[in-house]
Amino acid sequence: MTVISLILSSQLSVIAQSIQPCQDPKKGTWGFCNTEGKWVIKPKFETASPFEKQPDNRKLSTVSSKGLTGFVDENGKLVGPGVIFESAEAASPEVMLVKVKGKYGFMTYDGVYRQKPDYTSATQNGNEFIIGLKDKSGVVDSKGNLIIKPEFDQIDPSLPEYFRVKKGKATGLYSRDGKPLIEAKDYTSIEPFHSYWKLSKGNKTGLYDLATGMSLTDIAYEDVNSPITIDIQTLIPVKNNNLWGVVNSSGREVIKNSYSNIDQIESRSMLLLRDNGDNWSLYHPATLTQVALTSFTTDKCGPFNIMTGNVSGSSPKLSDEFPNGKFTTVTDSDGRLVSISATSVRPAGKFFLMTEPTGSKLYKADGSLIASDLPANFTEEDGWLLFNNTAICPDAKPYPLRECLDKTIVQTDDSKWHILSSGTIKPESFDRMEEGSCFIHVCRDNKWGVLFEGLLTVPCVNDEKLYWDSNFSLFTIKRNGRKGMVSLVGDTIVPPEYSAILSFEDMDDHIVVEKDNKYGIYLTSGQCIIQPEYDQLFTTGIGNHFYADKGDLRGIFDAVGNVIVPVKYNKYCFSTIENRYHCVTVNGKEMYYNQEGTYIQKERKIKITSQWMEHNIYDKNNNKALKLHFNFDTQFLLEESFQIEVAFYHKNGKPAINRSGKQIKHSYWATPSYLFSTYSDQWVTMPYAQFPNGPKGKEVYYYAKIRFVDEGNKIIPTTGNDKISFSLITR
């Protein structure tokens, strides 16, 4: 039998031990001797390995006897039950998998069983083990904990985050940490289905939602189709009796199973429904409205059949979708749906232009598409149809077309770009023209420039196509291998003398430049606020501040390059608190700066910001009472508990005593969650009966004092008005 020793490294390091394996020269057996050569464990083992570090950093020696394995620690003690293991191997940093008398268990490296060797099998699957007990299976995690009891006939680990379990005919689902997610029932299958789970029984299917832990639908459908998302709603087509309906993400039936086709009209956030009688209707999920299409009329224009009519019973909510209750449907000569939103179909030269709210499409006389995304208006010049961005030549071939001021630019069959004017193509050309957001990249003789509003604002002198950085609204240029930035109108923002141009996330006005492995910053206005002399520049996550490093030194600059913290402190001294404050710790002293870069002195204190008294209210026992309200802010008391005490005094400062002879007061504890915390509408209710009686009708003056006491019974410094005066009329 192979003895498996737990060794993390293939190369053994000889480390001095208090005991070492020793061999009896006469018997050839092994034991352990101390540094004086005396036996600590007599030589009774067939082998004993050097002490080796285990996954939990414990050092053990592997010993064997009669074909079995055990372990001895550095103190000379046998680990666990002794030399009884047929095999032992590292399962994780927590436990080893051991085998005793043909059965498997899990034991820590100090010899404690997490699972006794009672299992007939143990097969590793990722971070877990599928264990067997007779003919049943369960799961043990990497720490040796039993997370699924061995009570299932089969456990399927093939899903990355789940276990499918089977007991008899019942199938269920568990999470990887052993939490039951779907109770094992008589399901034919359980399969993931988009964000749901498809549960099947025979030829019927339903959906289960793990997020709610409930069935989304009954298992009552022949089939379900992929969910359709319209706006923020999820709609799921379901099939019964060979007809389709729809349920929503709550499992409620919103469309009955009455339709042969259900299609999404993405551009209008609707579903298009057709029944077996070829009747059409629309479903509008946003208003939960279904409307029928009536009053069909059919016209023909070229290859298209145009069907128009009215929407029957249209809701006022859909007035924008169907102006005046009208609709349009356009199909081709084969009856295929082309459009349900066309406002017109009309001849355009020898072609046909279909106009929709989102744009127009141009078709040949045979119905084939020439170009899409066209405007409704065009001009015809010498057989050319000129749209805003496309020119259609007389042979129906589309060419890219751009407008820059009063210039029309078209790319002709020779792959050159030209100015097109009054139907005439001008001879000046560019090798390449590529449209940007409001400009055109132009290339001539392998040098790039920019055409903006008909003008060559950036000449063709750049090594490569200019990169339009939308964060900066600037171009990155490259000349002679060096990079810079220019504006849309050609102004130089960053001179082309840097190896790289970078940016800070969410800081669109700051351009990071790199030169000779040093970094600096320009503003998009063209001002260099930080010279390229820092090893690192990166945002702090607070405001628009950023760190600047030189070697091991670090400082903080604001958005315009002003120094908040000089570059003279070790970078490991810097930290952020609550994503709102900088903290610099030097020689045990902490310095704090807020988002504006203002230095904040570290001082425990509380500021009372307001207080007011509410009279003639009732407490929880329905006794008439007064209610003291107050707001306060804390500073540098993060996670430090303190007591809030409200005590009542007579006007002369003498404590107000209740009927039991004790001062009238109330206190409770608070623990701020932030470095600077705000406590709003704190209140103390005090029944009138607590205050001393006196002559009936006499007005007695009091005041309430607020104070704050820490766990050491020390008063926390307080600013603001901590007193509120009031009077009571005795009864």
Side-chain angles (χ1 to χ4, degrees), residues 577-578 580-581 590 592 594 598 600-731:
I577 299 176
E578 300 168 8
R580 294 185 292 175
Y581 308 100
E590 294 176 338
Y592 293 86
N594 63 16
T598 303
I600 306 171
Q601 185 175 359
K602 183 176 182 182
E603 181 181 3
R604 297 165 68 251
K605 64 182 181 180
I606 293 176
K607 179 181 179 181
I608 298 175
T609 56
S610 64
Q611 72 293 115
W612 70 98
M613 188 77 74
E614 187 177 0
H615 286 280
N616 295 321
I617 58 100
Y618 290 88
D619 66 7
K620 63 182 180 180
N621 297 318
N622 206 31
N623 297 315
K624 264 200 172 183
L626 56 82
K627 192 173 185 180
L628 173 65
H629 298 259
F630 54 97
N631 299 328
F632 63 90
D633 298 332
T634 67
Q635 177 175 309
F636 292 103
L637 289 167
L638 175 64
E639 297 181 355
E640 179 179 343
S641 296
F642 58 85
Q643 193 174 37
I644 306 169
E645 180 186 273
V646 179
F648 294 84
Y649 297 85
H650 290 280
K651 182 179 180 181
N652 60 7
K654 184 179 179 180
I657 306 301
N658 63 20
R659 295 176 181 177
S660 300
K662 298 180 179 180
Q663 184 179 9
I664 304 171
K665 62 182 178 180
H666 179 77
S667 63
Y668 59 95
W669 289 87
T671 305
S673 301
Y674 299 97
L675 198 66
F676 294 83
S677 292
T678 297
Y679 287 80
S680 300
D681 198 20
Q682 304 295 301
W683 50 266
V684 170
T685 302
M686 192 61 59
Y688 290 148
Q690 286 285 324
F691 292 88
N693 291 328
K696 185 175 181 180
K698 180 180 179 180
E699 186 173 13
V700 183
Y701 292 90
Y702 299 92
Y703 67 84
K705 182 175 177 60
I706 309 166
R707 72 172 188 168
F708 305 86
V709 183
D710 64 17
E711 291 179 315
N713 205 30
K714 292 182 180 179
I715 301 296
I716 300 173
T718 305
T719 61
N721 187 4
D722 60 356
K723 291 182 181 180
I724 183 168
S725 299
F726 63 97
S727 64
L728 297 176
I729 305 296
T730 60
R731 297 183 179 182

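Note: hydrogens, waters and symmetry copies are ignored here, and every other heavy atom, side chains too, is used.
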Enquirer: How far apart are the closest heavy atoms of K654 and N652, and which atoms are they?
Expert: N-OD1, 2.9 Å

Enquirer: On the six-membered ring of Y674, is R580 placed so that its NZ or CZ lies under 6.0 angstrom from the centre and within 45° of the ring axis?
Expert: yes

Enquirer: Could you grab the distance from atom CG of L637 to atom OG of S673, nearest 0.5 Å is fine?
Expert: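 L637 CG to S673 OG: 12.0 Å, rounded to 0.5 Å.
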
Enquirer: Taking atom CH2 of W683 as the centre, report whether more than 12 heavy atoms of other residues, nucleotides or ligands fall under 6.0 Å from it.
Expert: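 Not more than 12 within 6.0 Å, no.
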
Enquirer: For N713, I'd like to know if atom CG has over 12 heavy atoms of other residues, nucleotides or ligands within 6.0 Å.
Expert: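 Atom CG in N713 is not crowded, with 12 or fewer foreign heavy atoms closer than 6.0 Å.
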
Enquirer: Measuring only between side-chain heavy atoms, which start at C-beta, is E645 closer than 4.5 Å to K665?
Expert: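 In contact.
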
Enquirer: Can any side-chain N or O of N631 pair as donor or acceptor with the backbone N or O of D681 at less than 3.5 Å?
Expert: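 Side chain of N631 to backbone of D681, a donor-acceptor pair under 3.5 Å: yes, one is there.
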
Enquirer: Would you please indicate if the ring centroids of F676 and F636 are separated by under 6.0 Å?
Expert: yes

Enquirer: Could you measure the distance from the CD1 atom of I606 to the CG atom of D710? Nearest 0.5 Å is fine.
Expert: 9.5 Å

Enquirer: Are Y668 and V684 side-chain neighbours, meaning at least one heavy-atom pair lies under 4.5 Å?
Expert: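 Y668 vs V684: side chains touch.
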
Enquirer: Partners of K624 by salt bridge (Lys or Arg N to Asp or Glu O under 4.0 Å), sequence neighbours excluded?
Expert: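 Counting only residues at least two positions away or on another chain, K624 forms no salt bridge (Lys or Arg N to Asp or Glu O under 4.0 Å).
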
Enquirer: Below 6.0 angstrom between ring centroids: does that apply to H650 and Y702?
Expert: yes

Enquirer: For residues A689 and R659, report the shortest heavy-atom separation together with the two atoms involved.
Expert: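 A689 and R659 have their closest heavy atoms at O-NE, 3.5 Å.
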
Enquirer: Could you check whether any side-chain N or O of Q611 sits under 3.5 Å from a backbone N or O of N721, counting only pairs where one atom can act as donor and the other as acceptor?
Expert: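 Checking the backbone N and O of N721 against the side chain of Q611, a donor-acceptor pair under 3.5 Å is found.
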
Enquirer: To the nearest 0.5 Å, how far apart are CZ in F726 and CE in M613?
Expert: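 Spacing of CZ (F726) from CE (M613) equals 4.5 Å.
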
Enquirer: Is it the case that the side chain of E640 and the backbone of P672 share a donor-acceptor pair, with hydrogens and angles ignored and the cut-off at 3.5 Å?
Expert: no

Enquirer: Using a distance-only test with no angle check, is there a side-chain donor-acceptor pair under 3.5 angstrom linking T730 and N693?
Expert: no

Enquirer: When the ring planes of Y679 and F632 are compared, do they come out parallel, tilted or perpendicular, using 30° and 60° as the limits?
Expert: parallel

Enquirer: Please list all pairs passing the salt bridge (Lys or Arg N to Asp or Glu O under 4.0 Å) test where one or both residues lie in residues 684-699, with sequence neighbours left out.
Expert: none

Enquirer: In terms of the angle between their ring planes, are H629 and W612 parallel, tilted or perpendicular, with boundaries placed at 30° and 60°?
Expert: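 It falls in the parallel class, under 30°.
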
Enquirer: Pair W669, E711 - check side-chain contact (heavy atoms from CB on, under 4.5 Å), show working.
Expert: CA-CA 10 Å; W669 289 87; E711 291 179 315; 3.9 Å; yes

Enquirer: Would you say F691 and M686 make side-chain contact, with heavy atoms under 4.5 Å?
Expert: yes

Enquirer: Using modelled atom types only, decide if a donor and an acceptor are shared between the side chain of T718 and the backbone of I716 within a distance under 3.5 Å.
Expert: yes

Enquirer: Within the distance-only criterion (no hydrogens, no angle test), does the side chain of Y688 pair as donor or acceptor with the backbone N or O of N616 below 3.5 angstrom?
Expert: yes

Enquirer: Taking the side chain as every heavy atom from C-beta outward, state whether N658 and F648 have any pair of such atoms under 4.5 Å apart.
Expert: no

Enquirer: Closer than 3.5 angstrom, by distance alone: can the side chain of D619 be matched with the main-chain N or O of N621 as a donor-acceptor pair?
Expert: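 Yes, D619 side chain to N621 backbone: donor-acceptor pair under 3.5 Å.
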
Enquirer: Give the minimum heavy-atom separation between I715 and R707, together with the two atoms involved.
Expert: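 So the two residues come closest at CD1-NH1, 3.2 Å.
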
Enquirer: Within this structure, what is the NE2-CG distance for the pair H666 and L628, rounded to the nearest 0.5 Å?
Expert: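 Going from the NE2 atom of H666 to the CG atom of L628 covers 10.5 Å.
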
Enquirer: Decide side-chain contact (heavy atoms from CB on, under 4.5 Å) for F630 and I644; before the verdict, give the C-alpha distance in whole Å, the side-chain angles of both, and the deciding distance to 0.1 Å.
Expert: CA-CA 11 Å; F630 54 97; I644 306 169; 3.8 Å; yes

